[in-house]
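This report concerns only the one structure given below.
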Amino acid sequence: MFNNLEVCQSVLNALPEAVFLKDKYFRLVFLNHKASKLFGKSSDLLLGKKGLEHLGLPLASRILLQEKHVLDTGEPLEFEEQVPGQENQTRTIVIKVSRLILNAEAYLLISLNDITVLRQAEAHTRYLAYHDPLTGLYNRAAFNERLQNALLPLTKPEQPGGVLMLFDMDGFKNVNDTWGHQAGDLVLCEFARQLSHSTPEECVVARLGGDEFAVLIKPPFSPEEAEALCQKIVLNIRTPVILKGAIPYITVSVGITIIMPSDITGGECLRKADTALYEAKRMGKNRYCVYSELLDAGWARKRKMKKALAMALLSGQGLECAYQPLVSAQNGEIIGVEALARWDDPELGSVSPVQFIPLAEECGLIVPLGKFILKRACQEMRPWSDLSVSVNISPVQLCENDFASMILQLLAKEDFPPHRLELELTETAIMHSDTHSKEQLSILRQHGIRIALDDFGTGYSSLSLLKDIMVDSVKIDQSFVQFVTQLEDTAAIVTAVSRLGNQLGLQVIAEGVETSEQREFLIEAGCSQLQGYLFSRP
């Protein structure tokens, strides 16, 4: 048939692809070595056959139809097929078919290329793009896509579009810190398994990152069912996870939102669920919370307050210091003042320190706020050279690397004597302070700045602590002073603190004094300084 048959055979055999020729009756008339190997038979056994006998009827018919099309039209084709391979493994084959005219006869030139490995790699890449490699759950990108798709069919205002739940493990960092990240990974995988088994089969379960998980349950699924499911998951996860050499105990907090047609974007749904999750954390963790508009209204005010506080710190407008006197228990003379932060915003009005101080700690503004109050107090109290000034310090400020140097530099700049300044810290803050924080306090005391233990009795409530910590004065909390003339046990506590403080050479300050009877008792008990509405409001 060919003038140079041996040359053609050599060329075709050298090709990396399986190549063969078929005549107009779709019979094999030539195969190269690669094609014989792919078919698993010698060319002698295959010649004259159609080469489709080992395939199932639907697949063989489909390929034969494509070959007929090329033979009739002369239009080349390229297509993929899944064909059975050795050991029952399915192979992905690219088939290229073209027509040749040789010696006035039509032939089909067919090449086969096995791309199974390529397609498997592509499938694995697609899997990784949408799945978390640790737990096998959907990842954030896949979950956001499915959440957005779930919002598209919502048309009826009264019809819920499903339920979105956000899960966050409580204290998960302790697992990594105590038993290592490998143990943490095992805990995450175990929780992922429990979450997948506890939720309906049709729902979308994802790990959004870290120890945060999400579940999207499509309708119909009522809010009551969602709460029952969350309660079940919260109870189940309380059981300690048993690992080799460790039994970490963790809990989980959950935020729930019912998806409604008014939720235009998946991001809005996630924001609502996250708001509910944060509320569950704030309420003590190890529980679930359902989103409501009232909850969102509170967060809207909180976000507005954060922005306003940041602007107030930048401009210096609206933030002021109020000063409450400290009087000597011996003669009633004013010997110092406590600087208290006050904030009056044009839109929010007068905001209580009970609100904006914790807010500042939460959003990272407590350090600039503390510096602002200290600077303002030094500026305003500098002329009153015979008075000391007490300023409250947050535990967050105490953890700053340059806390001591910042204080000393500010005092030098404002020309305020260090011995006139007293820093008030709660006993919890001092007891939880690390070595660095203790060194910072030691540096400040060496420069003459006094340290006061504030709100004594509300934290560890141990008298023995007074001899172990480096402070200059202790402030008895007003919750004790309030009932000092009414309750015998309270009176005994105040007396014991005062006597021990005096023996240790500490100044004992009683705050919240409101009546003459309280004043007389505190003086007799041994308090050296008094503070409260009986003498002056801030």
Hey, is [atom1] on [X] packed in by over 12 heavy atoms from elsewhere, all under 6.0 Å?
X: Phe372; atom1: CZ; value: yes
X: Gln486; atom1: CD; value: yes
X: Arg382; atom1: CZ; value: yes
X: Gln379; atom1: CD; value: yes

Nearest atoms (heavy-atom pairs only) where [X] meets [Y]:
X: Leu398; Y: Ser437; answer: O-OG, 3.4 Å
X: Asn392; Y: Asp454; answer: OD1-OD2, 3.2 Å
X: Ala312; Y: Trp343; answer: CB-NE1, 3.8 Å
X: Cys527; Y: Ala329; answer: O-CB, 3.1 Å
X: Ile476; Y: Val481; answer: O-CG2, 4.2 Å
X: Ser253; Y: Asn286; answer: OG-N, 3.2 Å

Using modelled atom types and a 3.5 Å cut-off, is there a donor and acceptor pairing between side-chain atoms of [X] and backbone atoms of [Y]?
X: Ser196; Y: Ala192; result: yes
X: Arg420; Y: Met381; result: yes
X: Asn502; Y: Gly526; result: yes
X: Gln397; Y: Ser394; result: yes
X: Gln440; Y: Phe403; result: yes
X: Arg450; Y: His419; result: yes

Start with the C-alpha distance between Asp472 and Arg445, add both sets of side-chain angles, then the distance that settles salt bridge (Lys or Arg N to Asp or Glu O under 4.0 Å), and finish with yes or no. CA-CA 9 Å; Asp472 301 282; Arg445 295 185 81 230; 2.9 Å; yes

Where do Glu225 and Ile217 land on the side-chain contact (heavy atoms from CB on, under 4.5 Å) test, with the steps shown first? CA-CA 11 Å; Glu225 289 176 308; Ile217 306 178; over 6 Å; no

From [atom1] ([X]) to [atom2] ([Y]), nearest 0.5 Å:
X: Leu134; Y: Asn139; atom1: CG; atom2: CG; result: 12.5 Å
X: Thr426; Y: Leu453; atom1: OG1; atom2: CG; result: 8.0 Å
X: Thr275; Y: Arg303; atom1: OG1; atom2: CZ; result: 6.0 Å
X: Gln446; Y: Ile449; atom1: CD; atom2: CD1; result: 11.0 Å
X: Glu380; Y: Lys375; atom1: CD; atom2: NZ; result: 12.0 Å
X: Tyr278; Y: Glu362; atom1: OH; atom2: CD; result: 3.0 Å

With the side chain counted from C-beta on, respond yes when [X] and [Y] share a heavy-atom pair under 4.5 Å apart, and no when they do not.
X: Lys306; Y: Leu365; result: no
X: Glu517; Y: Glu520; result: no
X: Gln324; Y: Glu511; result: no
X: Tyr288; Y: Leu229; result: no
X: Gln518; Y: Leu534; result: no
X: Cys378; Y: Leu411; result: yes
X: Val187; Y: Asp211; result: no
X: Glu320; Y: Asp344; result: no

Leu369/Ile357 under side-chain contact (heavy atoms from CB on, under 4.5 Å): CA gap, chis, key distance, verdict: CA-CA 9 Å; Leu369 177 61; Ile357 297 296; 3.8 Å; yes

Is the Lys NZ or Arg CZ of Arg537 less than 6.0 Å from the centre of Tyr533's six-membered ring, within 45° of the axis?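 Yes; both conditions hold, so Arg537 lies above the ring face of Tyr533.
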
Let me see the working for Lys281 and Asp170 under salt bridge (Lys or Arg N to Asp or Glu O under 4.0 Å), right down to the final yes or no. CA-CA 8 Å; Lys281 293 276 192 181; Asp170 305 321; 2.7 Å; yes

Residue pair Glu227 / Gln231, side-chain donor-acceptor N/O under 3.5 Å: no

Check against side-chain contact (heavy atoms from CB on, under 4.5 Å), Val252 and Phe172: CA-CA 9 Å; Val252 66; Phe172 177 73; over 6 Å; no

Could you go through the side chain to side chain donor-acceptor pair (under 3.5 Å) check for Ser528 and Gln507 one step at a time? CA-CA 6 Å; Ser528 53; Gln507 296 288 333; 2.9 Å; yes

Show the numbers, then the answer: is there a side-chain contact (heavy atoms from CB on, under 4.5 Å) between Ile335 and Ser388? CA-CA 7 Å; Ile335 56 177; Ser388 65; 5.7 Å; no

Could you walk me through whether Glu422 and Lys475 pass the salt bridge (Lys or Arg N to Asp or Glu O under 4.0 Å) test, one step at a time? CA-CA 12 Å; Glu422 184 171 65; Lys475 297 188 74 172; over 6 Å; no

